[in-house]
Amino acid sequence: MAKEPVRVLVTGAAGQIGYALVPMVARGIMLGLDQPVILHMLDIPPAAEALNGVKMELVDAAFPLLKGVVATTDVVEACTGVNIAVMVGGFPRKEGMERKDVMSKNVSIYKSQASALEQHAAANCKVLVVANPANTNALILKEFAPSIPEKNITCLTRLDHNRALGQISERLKVQVSDVKNAIIWGNHSSSQYPDVNHATVKTPAGERPVRELVANDEWLNGEFIATVQQRGAAIIKARKLSSALSAASSACDHIRDWVLGTPEGTWVSMGVYSDGSYNVPAGLIYSFPVTCRNGEWTIVQGLSINEFSRKKLDATADELTEEKALAYSCIS
């Protein structure tokens, strides 16, 4: 029997990431090749014409799984009945702007969208925040949508996770699909900590630790971390545009694993509401290693944290604590 369509909201849908993301959703990359979808696309009034153009292209592409498209500048219409919300829209930091100015703009955006989701989305709607500052935007959304369970509000650090896997696969000249269990701890910012202490590579002789195969702690503790942390800036420098393709692809990975589950023995990185695990302050949206099953994520417990890692985990938690204070000072 054919499945009922899932309603997927993409905000900022006429922008770069949105334009890369919506065809992936319509093609089944996010929810599976047997799952029909209805796309809800939201953007701001100045982008209404461009948004309509995206809708025309979706129609023209004749995606078999796409059972309908809602393209709107009205936040209530966009949020009504949605099962999954991918929050790509946000206010970017512009030259000369202070962090508080950007935070203030995003507080007002996420306040109105949180309220519309809370009142009009389907029960048990899953939310993924992509727009930066992603962790703190997700926290703002949670604050203004108190009836949405905290476990249903996440932010995107899968892009950083995938970047870490990519760097290891390039270094070792192995397939990226053979590398697993890297971790992104903390903030989706340059303070994040890409950790390979528990990562492994599939080899003909079985799984082997990444550290053992790379055999270069100086690179792993230095250049590797910096490359993953600064990858977004490097892409902007090269493309003169942000990393839309990889962000859209990793948003699909995040939702797919959350909804359909992670493979046995594999974990992924998600920005989730901290419960105090690994001595991370509770009440932050912080990236942890998680496994997913039956539509629920669970933080991987019991991993050993060495002194080098401990300092990195604490530094990114400190930054998130500062961001949280800044965001709350913008809430009037």
Side-chain angles (χ1 to χ4, degrees), residues 99 128-129 132-140 142 150-151 153-168 179-200 209-212 214 216-233 250 254 257-258 262 266-292 297-328:
R99 280 174 72 213
L128 167 61
V129 177
N132 287 323
N135 299 59
T136 301
N137 283 343
L139 198 60
I140 293 163
K142 181 197 164 296
E150 60 194 34
K151 65 183 173 56
I153 297 173
T154 64
C155 83
L156 186 71
T157 56
R158 182 61 174 270
L159 175 54
D160 310 299
H161 179 97
N162 288 351
R163 285 168 171 165
L165 298 179
Q167 288 303 304
I168 296 298
V179 187
K180 70 176 188 181
N181 296 351
I183 303 167
I184 302 298
W185 298 99
N187 199 1
H188 174 62
S189 76
S190 59
S191 79
Q192 64 176 265
Y193 172 42
D195 174 7
V196 295
N197 288 319
H198 309 279
T200 60
V210 162
R211 249 186 212 281
E212 181 186 301
V214 171
N216 186 333
D217 284 351
E218 188 182 348
W219 182 79
L220 283 172
N221 292 343
E223 188 184 332
F224 163 74
I225 291 173
T227 299
V228 176
Q229 288 174 334
Q230 303 294 336
R231 189 67 162 185
S250 58
H254 175 113
D257 286 342
W258 190 3
T262 46
T266 299
W267 61 67
V268 295
S269 302
M270 285 172 63
V272 300
Y273 197 65
S274 171
D275 61 357
S277 292
Y278 295 100
N279 292 327
V280 171
L284 297 176
I285 301 269
Y286 188 99
S287 183
F288 289 96
V290 303
T291 55
C292 303
W297 54 263
T298 304
I299 295 172
V300 176
Q301 298 292 346
L303 299 175
S304 59
I305 305 293
N306 63 24
E307 190 182 349
F308 178 87
S309 296
R310 184 72 258 163
K311 286 178 178 166
K312 297 284 189 189
L313 265 71
D314 292 345
T316 192
D318 289 346
E319 183 182 66
L320 280 168
T321 302
E322 278 178 36
E323 271 188 25
K324 178 179 179 178
L326 187 60
Y328 280 55

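A heavy-atom distance below 4.5 Å is not found between the side chains of Val129 and Thr154. Residues His254 and Met270 meet the side-chain proximity criterion, which asks for heavy atoms closer than 4.5 Å. Looking at heavy atoms from C-beta onward, Ile305 lies in side-chain contact with Trp185 at the 4.5 angstrom threshold.
Rounding to the nearest 0.5 angstrom, the gap separating the CD1 atom in Ile184 from the CG atom in Asp160 is 5.0 Å. Rounded to the nearest 0.5 angstrom, Leu320 CG and Glu322 CD are separated by 9.5 Å. Of the inter-residue distances, the one linking Asn137 atom CG with Leu156 atom CG reads 12.5 Å to the nearest 0.5 angstrom. Atom CH2 in Trp267 sits 14.5 Å away from atom CG in Asp257 (nearest 0.5 Å). The CD1 atom of Ile140 sits 9.0 Å away from the CD atom of Glu323 when rounded to the nearest 0.5 Å. For the atom pair CZ (Phe224) and CD1 (Ile168), the distance works out to 4.5 Å, reported to the nearest 0.5 Å.
Side-chain atoms of Arg310 and Asn306 form no donor-acceptor pair, as typed in the model, at a separation below 3.5 Å. If you check the side chains of Asn197 and Ser309, you find a donor sitting under 3.5 Å from an acceptor. Between the side chains of Asn187 and Gln192, not a single donor N or O lies within less than 3.5 Å of an accepting N or O. Neither side chain, His188 nor Ser287, offers a donor N or O lying under 3.5 Å from an acceptor on the other. Residues Ser189 and Glu319 bring a donor and an acceptor atom of their side chains to less than 3.5 Å of each other.
Residues Asp314 and Lys311 are not paired through a salt bridge, judged by the lack of any N-O separation under 4.0 Å between the basic side chain and the carboxylate.
When all heavy atoms are compared, the tightest approach of Lys151 to Trp297 is O-NE1, 2.7 Å. The nearest pair of heavy atoms linking Val280 to Ser274 is O-OG, 3.3 Å. Considering all non-hydrogen atoms of both residues, Ser304 and His198 come closest at O-NE2, 3.0 Å. Annotation for Pro289 and Leu303: closest pair CG-CD1, 4.0 Å, computed over non-hydrogen atoms. Smallest separation of non-hydrogen atoms from Ala182 and Ser269: O-OG, 4.1 Å. Taking all atoms of both residues into account, the shortest heavy-atom contact from Val179 to Val210 is CG1-CG2, 4.4 Å.
No more than 12 heavy-atom neighbours from other residues, nucleotides or ligands sit within 6.0 angstrom of CD on Glu307.
Ring geometry for Tyr286 against Phe288 counts as tilted: the plane angle lies between 30° and 60°, on a 0 to 90° scale.
Under a 3.5 Å cut-off, the side chain of Asn135 and the backbone N or O of Leu284 do not form any donor-acceptor pair. Side-chain N or O atoms of Tyr278 include one that pairs as donor or acceptor with a backbone N or O of Gly302 at under 3.5 Å. Judged purely by atom type and a 3.5 angstrom limit, Lys324 uses its side chain to pair as donor or acceptor with the backbone of Gly283.
Among residues at least two apart or in separate chains, side-chain hydrogen bond (donor to acceptor under 3.5 Å, both in side chains) pairs with a member in residues 218-231 are Arg211-Asn221.
Taking the ring axis of Tyr273 as reference, the NZ or CZ atom of Lys142 stays within 45° of it and closer than 6.0 Å to the ring centre.
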Practice problem: Under the side-chain contact (heavy atoms from CB on, under 4.5 Å) rule, what do Leu139 and Tyr328 come out as? Steps first, then yes or no, please. | Solution: CA-CA 10 Å; Leu139 198 60; Tyr328 280 55; 4.2 Å; yes

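The one candidate from Thr298, Ile299, Thr266 that meets the side chain to side chain contact (heavy atoms under 4.5 Å, CB included) condition with Thr291 is Thr298.
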